[in-house]
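Per chain, numbering begins at 1; letters A, B, ... match sequence-line order.
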Amino acid sequence: MRVPARIFATESLVEAIRKDQSVQQACNVAHLPGIVRASLVMPDVHEGYGFPIGGVAAFDLKEGIVSPGGVGYDINCGVRLICTHLTKEDLEPKLKQLVHQLQRDVPAGVGSEGAIFTLNDRDLDEVMVEGARWAVKRGFGQEEDLAFTEAGGALPGANPDAVSPRARERGAPQVGTLGSGNHFCEIQLVEEVFYPEAAEAFGLGLGQVTFMIHCGSRGLGYQVCDDFLDLMRLGAKKYGIDLPDPQLVSVPVNSPEGERYLGAMRAAANFAWANRQVIMALVEKAVARVFGGDRRTLGFRLVYDVAHNIAKVEEHLVEGKKRKVIVHRKGATRAFPAGHPETPAPYREMGQPVLIPGDMGRASYVLVGTEKAMAECWGSSAHGAGRMLSRTAARRAAGRRNLVKEMGEAGVVVAARSPKTLAEEMPEAYKDVSLVVEALEEAGLARAVAKLRPVGVVKG
DNA sequence: ATGTTC
């Protein structure tokens, strides 16, 4: 190992972490050329393709590498949180109607398409360069949303020409679709506030209704990852990179292959931001249809949108000196502290919102980034609850249970297209997200702002 | 996560 692997977790979580290969994977990452400081592991870590999910690793721009496995298959999988002025009392009589309206308006499921229209090549190029701004230009949401989206909803340096025809073909009909697996659109209530000043700045008050969207770059990002894993299998050999695990395929970040991957990854990331921007507009339409009024009267506003599968060139302080590195966050959320120029102006005194979705039965959390996260983890934090059961184990454990009925009795209205997906995503399949939040706070990597309780869920 | 194995 060139650097240590560093695990941030509490004792109860370490027990879960030891059950899979995630620690070994974090150690493998520490072997890669140009890794700076440490291979970092967040408390919600679990096993992934090569790199663990819940891992953060930064590499030198000259001697370092870039690796598709360090970003993940779902490029710019991320979370978008929307607040409203609606209250628990407003919601109660209309909850079922709203869930069904959302299910009608937001396409979900494997291979889902048709939210807007199948994009032609020119439009798709624009989506991949402009990201969320493309959607706003086409009438999906407002200019103001962009300021509350990480990176303004588009990374510069996207190269649509590096995205294969097959990836384009898969992405063209999928802008504005949720997908499947752990992706969702939830109706939530602000159940607890831990840090009132930050909650107020973010627009989150007790009993308020929020909407959370969790999804990524759909088939387009998947195909980009797959294409470059293939291409880099040759590249790793060509550049003589020693890999402790073949799944860590990497090339020098400054090689033609590295540049090309980054161009394609940024294009896919921008596609994902456009996707979440369109979905937000579909949610807005559904909410307005059920409650009447418009964005302004509903207080419908973007709190924040974060990526949790991405690689970014960032400037950080290393041994007292400013240095640019390429930070791979795979199942890890950016968590910049107060005062950082990339934090939206209205939040600057608090820090960047960190959105951590939990399972559909328990809770999701809003936290805020800290100086310690910046100093020790490249401004990063955890991204979710972390699986406890594999998809197969979860399906087996669910057996013939009627999860829609069970969730309903527990106060959560669920509309899922696939019972199989629902079984894989049942609450028991996940660790308690509260334990992850507790570990983050104890480690000082984020500060809890508010707890959100799901009351309506739309899934693929 | 993924037109869930071109």
Between [N] atom [atom2] and [X] atom [atom1], what is the distance in whole Å?
X: Arg417(A); N: dT2(B); atom1: CZ; atom2: P; result: 14 Å
X: Lys459(A); N: dT2(B); atom1: NZ; atom2: C1'; result: 14 Å
X: Asp230(A); N: dT2(B); atom1: CG; atom2: C1'; result: 15 Å
X: Asp227(A); N: dT2(B); atom1: CG; atom2: P; result: 16 Å
X: Ile75(A); N: dT2(B); atom1: CD1; atom2: P; result: 12 Å

Residue set satisfying side chain to side chain donor-acceptor pair (under 3.5 Å) with Glu438(A), at least two apart, ordered chain then number -> none
For Ser217(A), give me all partners under side chain to side chain donor-acceptor pair (under 3.5 Å), at least two apart in sequence or on another chain.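 Checked Ser217(A) against side chain to side chain donor-acceptor pair (under 3.5 Å); matches are Asp74(A).
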It should be established whether Arg391(A) places a side-chain nitrogen or oxygen under 4.0 Å from OP1 or OP2 of nucleotide dT4(B).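 Looking at the OP1 and OP2 atoms of dT4(B), neither is under 4.0 Å from any side-chain N or O of Arg391(A).
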Please classify the nucleic acid contact of [X] as base, sugar-phosphate, or nothing, using heavy-atom distances under 4.0 Å.
X: Arg387(A); value: nothing
X: Glu424(A); value: nothing
X: Glu425(A); value: sugar-phosphate

Give a yes or no on whether the ring-centroid distance for His214(A) and His383(A) is below 6.0 angstrom. no
